[in-house]
Structure formats: C-alpha cells, structure tokens
Amino acid sequence: MKKSQIITTVYEYNSVDELSQSEQNLVKEAKEAALRSYSPYSEFKVGAAVLLENNEIIQGNNQENSAYPSGLCAERVAIFYANSMFPNVPVKAIAITSKTNGSFLDTPVPPCGSCRQVLLETEDRYEQAIKLILCGEKKIKIIESCKEMLPLYFEKDMLDGK
Ligand code: THU
C-alpha cells in the first residue's frame, strides 16, 4: 500500500484592492453579470466573467428553470458561450461572485463539481491553465489551475484506454 497526498495551493486576499488591475476588472464584470442572473427559485445569483487570451471578456450567470435540473450554473453559461464564440482562443481566467438576500457573499463560492469538470475540459482543450478568482466581499481565493480544484479528474485520454 502506498499513501499519497494531493495538495491544492490557494492564494487568499482580504480585499479586491490587493488584486491586479486586470483581476479587479474581471471581478467587476462577474458582479455585473450576477445582477442579471435568472434565479427566481433559489434567489441565489451567481455571476461569472471569463477572460480570453485575446482579452475579450465573456460574462455569464445562472439560468434556472421550473424543472430544476434544466437550469445551468453561471460558470458553464460563461465558458460555453466563450468557447462557442471564440473556439480557437484559450481561456486565461474566470472570476466568480455570488449574491443572495440583496448582498454579495462575504465568503468566496467555489464552482460546483460539474462546472469544475467543464473548466477542466477547457484547460485540456487549449493546453493552458485557467486561473480561478473566487470572490467574496471579505475574502478572495485564487487558484492557479482548475486541475487543482478537481483532483483525480476524468480526462479524455481515458476514453482511449490510456
Ligand atoms: N450555481 C452556480 O451558478 N454555480 C455554482 O457553481 C453553484 C451553483 C447556481 C445554480 C443555481 O441556480 C443556484 O446557484 C443555487 O444552486
């Protein structure tokens, strides 16, 4: 038996002012996107902003449905839209914010498992890490690659029996 450990590195900040100008701008775009979320069932508004290699920024927010599972998270709305509009442009970063009861959450909300898997596919597709900027009002967490958030992930090579 061999025991191994998987370590995730998280950079924590107490204020957006500590982020670079480009990161701050991405957070602003994610917050803006959250305000347009369609979430009448959970009343939990999530906003995402994706920064592409060509400096385009694509916003997305969660879209809910009365048949609950038919809705989609903000991260996937943003990343799928980015990939559909710019299929040849790598994704550099994604900022994520959440708002409920009238205010943005103090703590950063990480993407759900399905969103992590989708972000990971995009990392593999462009062979480039996507920086995650998880933004709360009192804490910001930055993770340099989605792979760090989804250890033991399923990847395309496995389909070929590798
Ligand atoms: N949600 C997201 O948009 N992103 C996540 O990573 C987690 C959850 C949305 C889905 C649903 O509309 C609401 O938040 C409550 O789960």
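Numbering of ligands and ligand atoms starts at 1, following listing order.
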Below 4.5 Å, heavy atoms only, C-beta onward: do Asn54 and Phe86 meet side chain to side chain?
yes

Which atoms of ligand 1 sit under 4.0 Å from any heavy atom of Ser42?
13 (C), 15 (C)

Considering distance alone, does some N or O of Cys115 sit under 3.5 Å from an N or O of ligand 1?
no

Check: Gln63/Asn61 side-chain N/O donor and acceptor closer than 3.5 Å
yes

Do Glu123 side-chain atoms and Cys146 backbone N/O form a donor-acceptor pair below 3.5 Å?
yes

Atom 9 (C) of ligand 1 [closest protein heavy-atom partner, distance rounded to 0.1 Å]:
Asn62 ND2, 3.5 Å

Would you mind telling me if ligand 1 is within reach of the side chain of Gln63, the backbone, both or neither, using heavy atoms under 4.0 Å?
neither

Scan side-chain atoms only and decide if Thr9 and Glu144 contain a donor-acceptor pair under the 3.5 Å cut-off.
no

Can we say Lys31 and Glu137 salt-bridge, meaning some charged N sits less than 4.0 Å from an Asp/Glu carboxylate O?
yes

Write out the residue and atom name of the closest protein heavy atom to atom 3 (O) of ligand 1, then the distance separating them to 0.1 Å.
Ala74 N, 2.9 Å

List the closest protein heavy-atom neighbour of atom 4 (N) of ligand 1: residue, atom name, distance to the nearest 0.1 Å.
Glu75 OE1, 2.8 Å

Atom 11 (C) of ligand 1: the protein heavy-atom neighbour that sits closest, reported with distance to 0.1 Å:
Glu64 OE2, 3.2 Å

Is any NZ, NE, NH1 or NH2 atom of the basic residue among Lys131 and Glu23 found under 4.0 Å from an Asp or Glu carboxylate oxygen of the other?
yes

Who gets closest to atom 10 (C) of ligand 1 by heavy atom: Ala34, Ala48, Cys73, Pro111?
Cys73

